[in-house]
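Given the structure is predicted, the values throughout are model-derived calculations rather than measurements. Whatever order the structure lists ligands and atoms in, that order sets their numbers, starting from 1.
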Amino acid sequence: MSTTYVIGTAGHVDHGKSTLVERLTGIDPDRLAEEKEREMTIDLGFAWLTLPGGQPVGIVDVPGHRDFIENMLAGVGGIDAALFVVAADEGVMPQTREHLAILDLLAVQGGVVALTKVDLVEDDEWLELVIAEVEEVMAGTVLGGAPIVPVSARTGEGLEALVAALDEALGQRPPRPDLGRPRLPIDRVFSMSGFGTVVTGTLVDGSIAVGDQVEIQPGGLKARVRGVQSHKTTLEVAWPGSRVALNLAGVDVADLKRGEVVAAPGTLAGSTLIDVHFRHLPDAGRPLKHNAEVKCFVGAAEVVAHVRLLGVQQLAPGESGWLQLRLSQPVALDKGDRFILRYPSPGQTIGGGEVVDAHPPHRWRRFKPDIIERLETLAAGTPDELVEQALDASVAGLSVAELAGQTSMSQDEAAQALDVLLDEGRALLVGDDRVFSRGAWGRVTTAMRQVLTTYHADYPLRAGMPREELRSRIRLDARVFTAVVDTAVRLGDVAIEGGGSWLRLPEHEIVLTGAQQAQADALLGTFAANPTAPPSLKEAAAQVGDEMLQMLLTRGDLTAVSNDVVFESGVYREMVEVVRAHLAEHGSITVAQARDVFGTSRKYVLALLEHLDQIGITKRVGDERVLGRAGQDG
Ligand code: GDP
């Protein structure tokens, strides 16, 4: 399965981010930006590189020299790892620290440091000093202990080691969960001639497919997904955790802007009041005051906000606390989303944290202990949230007993919390005794669908993938797999073929290209020209290839009677009828008689009669065939 990852660049301006991305990918992010401006690009690009294992990795290198930090913030949500750039000749600079603090507040899961421009450093001692300094500022942050790789985009030194380090860092990331509620924070909007409205962003929490109805929040404009691209490849479905461009029908470019979110209808709403947990940066400079005006960054959105400080008079640098933020415009966000606050001018990052309630009922009085308690409970999680989290973290669902064990609840408590989830459709019973959360279920069906998507692409002429092969790919034990497949078929996530021995995507159908159709027609033509003495299986395979031959057999155009002899299916049915009629009239038939009846050679009739013995239409008695058990009816 090809898991997609997205990395984001960060680091002081002019330390070589864009040059490095261009060098790694062959794609110049600045050029993409210019082309976008002139609305002429067909290259819906963002840069991406291919890891040694062949995996594409999207790179968000938000270009632009306006306010780099604000630009960076628009792109860095939802990334799997940071490519953190520090120039070896300059070392740690103010923005280095600020970007690092932001990655930390956004809880980005680590990454790799590229120590760029090593070609400018001749003194090894200097390099060691810079490395020590970088290690020191990273300690205790999400990049603590991250590998530091000296590179030069100019000479190419260290680039291979850098890619290897990224490969290793990403290899440790679990794939993004599919929670069944896709969200794509829009970081670019533009129009492309011949296509219309295009938006790009990093997709999280669900997949989006061509034909899907979507909603753009806040505002709730409706649109239909006309096309999906990732890494310049046209797709039917985009998976969570990938860089995606959507071509949207039904909305104008003028109606959309960066920061809005494409989501499944009814799953997301705008908010102007949010409760958050906030970490004030130690080097923020001054205490955070009630009513302070700040800029709030969440997803790809940027909005002016006023701080309501709850429970304390003011919040000193380095302290954490509860805030209610009044947003000057609605923003579509959700519980658990990470945000950053900055003072507007001069621009300075002061801290950030996590949304605890995206839709509190009203403004809170500032000094009420029960409000703080409510927020603490919300942040820690209610019983149903704890059960949901345990389920989300499971690979193959959990039983009630396992749930109780993992959440340290009693079985009764766990069962009660589970009922809430089942009632609200947040969990799903699979088989007799396993429960999946929407998230875990989304992940397992996404895994199956990804494997099937690849399989269909590799074998477009096959009806489906052998069941056991799929099972071993997604690594479920047989009992769980059976329950998962039954449920997935019932819910329309996958479909079965061949009585259940193959699995396929419901939307998969075998479509022949013009050339393939011509090939099939040519072969069937040969069969029609010699109906009772057609080419052998081997000859047919030599003519059209194994895949095409298997397709014609599976589809029922051809019927094989032995591992050598095959007839066109209509001819086969007629031959069976002729044998039956002969038996009805004469009581028996010999190979020689059959040969004369069909005017063909012994090889064909022998194979046919043996096949008829096998399926019970005839029965061999000495040198003759008489009517078999299955031949009596029909
Ligand atoms: P960004 O602002 O971080 O994206 O930095 P750029 O990629 O625009 O690079 C800033 C400047 O540093 C440009 O003039 C680059 O040519 C130069 N530069 C980038 N990487 C290297 C490098 O590895 N060696 C040298 N000597 N110069 C570099």
Pull out every atom of ligand 1 sitting under 4.0 Å from any heavy atom of [X], numbered as shown with elements.
X    : result
K17  : 1 (P), 3 (O), 4 (O), 5 (O), 7 (O)
L120 : 26 (N)
T19  : 6 (P), 7 (O), 9 (O), 15 (C), 19 (C), 20 (N)

[X], any N or O under 3.5 Å of ligand 1 N or O:
X   : answer
V13 : no
D14 : yes
G16 : yes

- Does the distance from a Lys or Arg side-chain N to an Asp or Glu carboxylate O, for R258 and D187, drop under 4.0 Å? no

- Sidechain N-carboxylate O distance under 4.0 Å for R181, D334: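 Result for this pair is yes, salt bridge flagged.
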
- Among E22, H12, E157, K117, whose heavy atom sits nearest atom 21 (C) of ligand 1? K117

- Nearest option to atom 23 (O) of ligand 1, as decided by whichever heavy atom of G156, A114, A153 sits closest: A153

- Side chain, backbone, both or neither: H15 near ligand 1, heavy atoms under 4.0 Å: backbone

- Single hit among H359, K335, R308, Q324 for side chain to side chain donor-acceptor pair (under 3.5 Å) with D275: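 For D275, the side chain to side chain donor-acceptor pair (under 3.5 Å) check succeeds only for Q324.
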
- Item | Side chain proximity check, N291 to R326, heavy atoms < 4.5 angstrom | yes

- Message: In terms of relative ring orientation, are W322 and H277 parallel, tilted or perpendicular, with 30° and 60° separating the classes?
- Response: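 Perpendicular, since the angle between the ring planes exceeds 60°.
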
- Within 45° cone and under 6.0 Å: R338 NZ/CZ vs F297 ring: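 No - R338 does not lie over the ring of F297 by the 6.0 Å and 45° rule.
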
- Task: Any chance you could measure L315, atom CG, to K289, atom NZ, to the nearest 0.5 Å?
- Result: 12.0 Å

